[in-house]
Engineer: 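One structure, pasted below without further comment.
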Amino acid sequence: SQGFAYDAAFHPDGFVMAVSCAMPNTGKLWFWRLGEPQPFFVVPDLANGRSLSLQPTNGKRLAVVQSVAPNGNG
């Protein structure tokens, strides 16, 4: 019911980040610690998340690509 993950990555601090797309405009960004059943951080109103990437030099900034089309197709 929450769409599907388009991209996921491991953070250097040991957790997983994932971004999702659902229609219309109901994507999410999640951060999970391995072995825990629930995410510890959620952005609940992301518009159709497509990709994510950490800043390569120090990993302190996160870029998220999203589509704002009402049907999620870009």
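The figures that follow rest on heavy atoms only: side chains count, while hydrogens, waters and symmetry mates do not. Bear in mind the structure is a predicted one, so any value in this text is a computation, not a measurement. Along the sequence shown, residues carry numbers from 1.
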Engineer: Counting only heavy atoms not in Gln38, do more than 12 sit closer than 6.0 Å to its CD atom?
Structural biologist: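 Atom CD in Gln38 is not packed in, count stays at 12 or less.
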Engineer: Val19 and Val65: side chain to side chain contact (heavy atoms under 4.5 Å, CB included), yes or no, with the steps?
Structural biologist: CA-CA 9 Å; Val19 66; Val65 176; over 6 Å; no
Engineer: Considering non-hydrogen atoms only, spot the tightest contact between Met17 and His11 and give its length.
Structural biologist: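 Smallest heavy-atom distance, with atoms named: SD-CD2, 4.1 Å.
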Engineer: To the nearest 0.5 angstrom, please state how far the OG atom of Ser20 sits from the CG atom of Asn48.
Structural biologist: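 Ser20 OG to Asn48 CG: 8.5 Å, rounded to 0.5 Å.
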Engineer: Taking all heavy atoms of Asp7 and all of Leu52, pick out the closest pair and write down the distance.
Structural biologist: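 Closest approach of Asp7 to Leu52: OD2-N, 3.0 Å.
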Engineer: Provide the closest heavy-atom pair for Ala18 versus Trp32 in the form atom of the first, atom of the second, distance.
Structural biologist: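 Heavy atoms only, the tightest pair is CB-CZ3, 4.0 Å.
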Engineer: Indicate yes or no: at least one non-hydrogen side-chain atom of Pro12 is less than 4.5 angstrom from one of Leu54.
Structural biologist: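 Side chain of Pro12 against side chain of Leu54, heavy atoms only: contact under 4.5 Å found.
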Engineer: Under the criterion side chain to side chain contact (heavy atoms under 4.5 Å, CB included), I'd like the reasoning laid out for Leu62 against Phe31: C-alpha separation, chi angles, the key distance, then a yes or no.
Structural biologist: CA-CA 12 Å; Leu62 177 68; Phe31 290 4; 3.9 Å; yes
Engineer: Go through Phe40 and Phe15 one step at a time and tell me if the side chain to side chain contact (heavy atoms under 4.5 Å, CB included) criterion holds.
Structural biologist: CA-CA 10 Å; Phe40 69 90; Phe15 58 88; 3.8 Å; yes
Engineer: Which residue in the set Asp45, Val43, Val42 passes side chain to side chain contact (heavy atoms under 4.5 Å, CB included) when paired with Leu29?
Structural biologist: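 The option that passes is Val43.
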Engineer: With ILVMFWY side chains joined below 4.5 Å, transitively, what does Phe10's cluster contain besides itself?
Structural biologist: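 When side chains under 4.5 Å apart are linked, the cluster holding Phe10 also contains Val16, Leu34.
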Engineer: Closest approach of Cys21 and Gly49, non-hydrogen atoms and distance?
Structural biologist: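 It is CB-O, 3.6 Å.
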